[in-house]
Amino acid sequence: MRTPFIAGNWKMNLNHMEAIKFIEELSYKIENKNNIKIAVCPSFTSIRSVILVLEDESKKNIKMKIKVGAQNMYFEDNGAYTGEVSPQMLKALGVEYVIIGHSERRELFGETDESVNKKLKTAFKYEIKPILCVGETLKIREEGRAIDFTIGQIRKDLKDITADKINNLTIAYEPIWAIGTGRNATPKDANEMCMAIRNEISILYGSKTAENLIIQYGGSVKPSNIGELMMMPDIDGALVGGASIKVDDFLAIVNY
Ligand code: 13P
């Protein structure tokens with residue numbers, strides 16, 4: 001049995017004052033009636049503030065605890081890398097998850113499968129659980145190469161990563177054409193890709209590991225479409241962008 005996992009990727013939104021207000025309201029209102037795993041991924045500058053609020057809130061009700069993730073990190077432990085943030089720094093803050101290889105980082109900031117692979121290895125070394133993002137462009141989908149392309153990313157991103165690490169991995173299938181466009185993949189198409197991903201993990205790491213793997217869908221997830229996405233057998237959760245920075249929308253999504 002896989003526990004569903006819904007995470008909010010706040011992207012470059014909410015300064016630390018806004019983040020405090022947001023997380024106070026979210027933790028006050030949240031019920032988690034589906035008993036799922038929930039995480040928020042703030043900007044680096046807001047992580048500490050969010051964790052402090054949650055540590056306080058968690059004293060009231062540990063069961064509803066919201067986990068915290070980062071949106072990126074560097075692959076070196078520390079050193080002369082101006083402007084980068086190390087996994088060791090995230091670990092010290094109490095960060096549990098890290099998004100790796102988001103398409104915005106791949107498209108806008110030169111992230112490659114090679115750097116994604118290094119980052120995944122470092123995240124595992126520090127026992128920070130990576131959420132690996134993969135997915136195709138519209139052009140690739142229209143050419144009928146979506147599955148080949150996305151599975152190719154997974155093979156490169158997971159190169160030389162051993163099976164014992166995969167239990168701590170989440171994969172997010174995020175078709176680039178569905179991100180921030182309001183146009184989500186149909187549940188059937190999203191599920192087809194998530195099934196192909198699980199199949200590839202089964203080939204690489206065995207069927208038991210594949211059965212336990214959490215695969216999220218991301219791309220224009222909102223209260224009105226989360227229900228049908230979560231009904232699909234191979235979709236175990238969502239990585240939510242825009243709707244995750246509106247408290248009531250995010251609550252409606254986790255209560256799908
Ligand atoms: P939207 O939900 O805004 O489409 O963003 C999805 C995403 O990129 C999550 O990582």
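Every number for a ligand or one of its atoms is a count from 1 in the order of the listing. Bear in mind the structure is a predicted one, so any value in this text is a computation, not a measurement.
Between Lys188 and Glu192 there is no salt bridge, since none of the side-chain N atoms of the basic residue sits less than 4.0 Å from a carboxylate O of the acidic one. For the pair Asp113 and Arg155, the salt-bridge criterion is not met [side-chain N within less than 4.0 Å of a carboxylate O]. Between Glu31 and Lys33 no salt bridge is recorded (no basic side-chain N to carboxylate O distance below 4.0 Å).
Of all atoms in ligand 1, numbered sequentially from 1 with element shown, those under 4.0 Å from a heavy atom of Asn9 are 9 (C), 10 (O). Per-residue contacts place Ala178 under 4.0 angstrom from the following atoms of ligand 1 (heavy atoms of the residue considered): 4 (O). Interface atoms of ligand 1 facing Gly219, defined by a heavy-atom separation under 4.0 Å, are 4 (O), 6 (C). Atom numbering of ligand 1 starts at 1 in the shown order; those under 4.0 Å from a heavy atom of His102 are 7 (C), 8 (O), 9 (C), 10 (O).
Within the cation-pi definition used here (under 6.0 Å to the ring centroid, within 45° of the axis), Lys91 does not qualify as a partner of Tyr126.
Under the rule for a side-chain hydrogen bond (donor to acceptor under 3.5 Å, both in side chains), the partners of Glu96 that lie at least two apart in sequence or sit in another chain are Lys129. In terms of the side-chain contact (heavy atoms from CB on, under 4.5 Å) criterion, residue partners of Arg2 (sequence neighbours excluded) are, by chain and number, Arg198, Ile214, Asp234, Asp236.
Inclusion of Gly241 in the set of residues having an N or O under 3.5 Å from an N or O of ligand 1 is warranted. Among the atoms of Gly180, some N or O lies under 3.5 angstrom from an N or O of ligand 1.
Phe5 and Tyr97 have their aromatic ring centers within a separation under 6.0 angstrom.
For Ala243, the closest heavy-atom approach to ligand 1 does not fall below 4.0 Å. In this structure, Ser103 has no heavy atom closer than 4.0 Å to ligand 1. In this structure, Lys11 counts as a contact residue of ligand 1, since one of its heavy atoms falls inside 4.0 Å of the ligand.
Contact annotation: for Ala172 versus ligand 1, there are no heavy atoms closer than 4.0 Å.
The nearest protein atom to atom 9 (C) of ligand 1, hydrogens excluded, is given as Glu174 OE2, 2.9 Å; this is a heavy-atom distance. For atom 3 (O) of ligand 1, the nearest non-hydrogen atom of the protein is Gly242 N, 2.8 Å.
Looking at Ser103, its side chain never comes within 3.5 Å of a backbone N or O of Gly135 through a donor-acceptor pair.
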